[in-house]
2 protein chains.
Amino acid sequence: MGDPLLLQNQLCFPLYAAAKETVRCYRAYLDPLGLTYTQYIAMMALWEHKKMTISEMGRLLYLDSGTLTPMLKKMEQAGLLMRTRSATDERNVEITLTDAGWELREKAMHVPSGMAQFVNLEPGEVIQLYHLLYKLLDQEVCKR
Amino acid sequence: MGDPLLLQNQLCFPLYAAAKETVRCYRAYLDPLGLTYTQYIAMMALWEHKKMTISEMGRLLYLDSGTLTPMLKKMEQAGLLMRTRSATDERNVEITLTDAGWELREKAMHVPSGMAQFVNLEPGEVIQLYHLLYKLLDQEVCKR
DNA sequence: ATAATTTCAATTGTGTACAATTGAAATTAT
DNA sequence: ATAATTTCAATTGTACACAATTGAAATTAT
């Protein structure tokens, strides 16, 4: 395998760089919507689940309250969602979408197909990559 | 394929999350060395190339001066490297390692094998993933 | 029932990331 | 040779990202 301390012999480096570049490419599509990539996946989570607590969203998106709390407050200010203390368990803050948050879904519909043009992989390769990434993600559990 | 605005139908999300989790897992090995992951790949670049300008490092690591300049200054403060204006082209800042920077290489030798335990993929899968990530990375050129 | 523990969101502090801009230095065009 | 352009590192401003801590609320243990 050769010298393990060479970038070209590391699996993590292309993973790190490809993720970063891909997120950067999203800007062309997300800037017009006024969303960052992290805000976009938070919106996707809410479009699907309609209502989530911050910790549920954190488990789904692999993010913690230190990231989510300030970001969700910003998105509340922007009128996309509402943050409400749960009546049944006051530790939880429930996130729900406003009308504007739901309307943004229509404008976001074209984002995935637009981004797909940057990914010039064969359909089979996309599926392979998808499964390998989830296999890696599911195994990686250095506590948390 | 179904609804494109579902997280589970997106390629980018597992890429983003797996990269983030992998970098987070590095902490267990890098904290004792006093390095962050980004500093670690900068050190790897320097261990290999011995001398680099900031822009060369930026092209190699997919990072810009806004990230590298303050980080390299911090690493200079920590005694790992030196920053010198090039005599032949004063626009360039050349980065070279100090003795301490070279000595850290010995302590970093065990990092890749330690990290490998988090990646429970078949050897063939690792190679597949590696090639797919580089294929994705090489194609993704939304200017810059 | 009360004490010990756990869960939760928020906060604090540090460290990336990157777009956009700046100003000096080098290269290219005329 | 000089002007226009390009390259480079640094700076500014915004936005994550996460470890560690805090304090309130809920759950569990005794």
Side-chain angles (χ1 to χ4, degrees), chain A residues 16-28 30-43 52-59 61-78 83-95 140 142-144, chain B residues 16-28 30-43 52-59 61-78 83-95 140 142-144:
Chain A
Y16 161 81
K20 221 156 45 73
E21 289 303 291
T22 304
V23 166
R24 205 173 54 78
C25 289
Y26 265 96
R27 281 177 162 266
L30 295 181
D31 275 357
L33 305 186
L35 292 177
T36 64
Y37 179 73
T38 314
Q39 290 171 3
Y40 172 64
I41 59 174
M43 290 302 286
M52 303 182 85
T53 67
I54 294 184
S55 59
E56 283 168 352
M57 186 180 288
R59 275 187 294 274
L61 304 182
Y62 296 86
L63 293 169
D64 77 356
S65 64
T67 301
L68 288 175
T69 294
M71 187 184 80
L72 293 170
K73 281 184 177 175
K74 239 175 290 178
M75 295 168 78
E76 185 182 41
Q77 292 301 311
R83 299 160 59 258
T84 337
R85 282 279 163 194
S86 164
T88 57
D89 185 341
E90 293 208 19
R91 290 172 303 183
N92 288 309
V93 169
E94 288 167 348
I95 311 293
E140 230 157 27
C142 53
K143 56 182 171 292
R144 177 101 189 177
Chain B
Y16 160 83
K20 221 156 45 71
E21 288 303 292
T22 304
V23 167
R24 205 173 56 76
C25 290
Y26 266 95
R27 281 177 161 266
L30 295 181
D31 276 356
L33 306 187
L35 293 176
T36 64
Y37 179 73
T38 313
Q39 291 170 4
Y40 171 63
I41 58 175
M43 291 301 287
M52 302 183 85
T53 67
I54 294 183
S55 60
E56 283 168 352
M57 187 180 287
R59 275 187 294 273
L61 303 183
Y62 296 85
L63 293 169
D64 78 356
S65 65
T67 301
L68 288 176
T69 294
M71 187 184 80
L72 292 170
K73 281 184 177 176
K74 238 175 290 177
M75 294 167 79
E76 185 182 40
Q77 292 301 311
R83 298 160 59 256
T84 337
R85 282 279 162 192
S86 164
T88 57
D89 185 340
E90 292 207 19
R91 289 171 305 183
N92 287 309
V93 168
E94 288 168 346
I95 311 294
E140 230 156 26
C142 53
K143 55 181 173 295
R144 176 106 189 173

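Quick caveat, the model's predicted, so the values are computed rather than measured.
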Under the 3.5 angstrom rule, does the side chain of B/Arg85 hit a backbone N or O of B/Arg91 as a donor-acceptor pair?
yes

Nearest heavy-atom pair of B/Leu61 and A/Lys20: which atoms, and what distance?
O-NZ, 4.1 Å

Classify every nucleotide of nucleotides 2-10 of chain C by which part a protein heavy atom approaches to under 4.0 Å, writing B for the base, S for the sugar-phosphate alone and - for neither, in 5'-to-3' order.
-----BSBB

Mind calculating the distance between OH (B/Tyr40) and P (C/dT16) to the nearest angstrom?
15 Å

If I take atom CG in residue B/Leu72 and atom P in nucleotide C/dG15, what distance separates them, rounded to the nearest angstrom?
14 Å

Against the side chain of A/Thr38, the closest entry in C/dA26, D/dA17, D/dC18 is D/dA17

Between C/dC18 and A/Lys20, is there an OP1 or OP2 to side-chain N/O distance shorter than 4.0 Å?
yes

Measure the distance from CD on A/Gln39 to P on D/dA15 and round it to the nearest whole Å.
7 Å

Separation of atom CE in B/Met71 from atom P in C/dG15, rounded to whole Å:
12 Å

Would you say B/Met43 and B/Leu33 make side-chain contact, with heavy atoms under 4.5 Å?
no

Closer than 4.0 Å, any side-chain N/O of A/Tyr26 to the OP1 or OP2 of C/dC18?
no

When rounded to whole Å, the CG to C1' distance for the pair B/Leu30 and C/dG15 reads 14 Å

Could you tell me whether A/Thr67 contacts a base, only the sugar-phosphate backbone, or nothing, with contacts defined as non-hydrogen atoms closer than 4.0 Å?
base

Searching all strands shown, indicate the nucleotide that pairs with D/dT11 (Watson-Crick or G-U wobble; both distances under 3.5 Å).
C/dA20

B/Thr36 side chain N/O closer than 4.0 Å to the phosphate oxygens (OP1, OP2) of C/dT16?
yes

Are A/Ile95 and A/Glu56 side-chain neighbours, meaning at least one heavy-atom pair lies under 4.5 Å?
no

Does the side chain of B/Thr36 pick up a donor-acceptor pair with the side chain of B/Thr38 at under 3.5 Å?
no

So, for A/Ala42 and A/Met75, which heavy atoms are closest and what is the spacing to 0.1 Å?
CB-CE, 4.4 Å

Using both distances under 3.5 Å as the test, list the Watson-Crick or G-U wobble partner of D/dT30, or none.
C/dA1

Could you let me know what D/dT6 is paired to, Watson-Crick or G-U wobble, both distances under 3.5 Å, or none if it's on its own?
C/dA25

Please state how far atom CE in B/Met43 lies from atom P in C/dT16, giving the value in whole angstrom units.
13 Å

Whole-Å distance, B/Leu63 CG to C/dG15 C1', equals 13 Å

Would you kindly compare A/Asp64 and A/Tyr16 by the position of their nearest DNA chain C nucleotide and give the one closer to the 5′ end?
A/Asp64

Base-pairing mate for D/dA17 - Watson-Crick or G-U, with both contacts under 3.5 Å:
C/dT14

Pick the nucleotide of DNA chain C nearest each of B/Tyr37 and A/Arg27; which residue has the one closer to the 5' end?
B/Tyr37

May I ask you to decide if the ring planes of A/Tyr16 and B/Tyr37 are parallel, tilted or perpendicular, using 30° and 60° as cut-offs?
perpendicular

Distance-minimising heavy-atom pair for A/Ser55 and A/Asn92:
OG-OD1, 4.3 Å

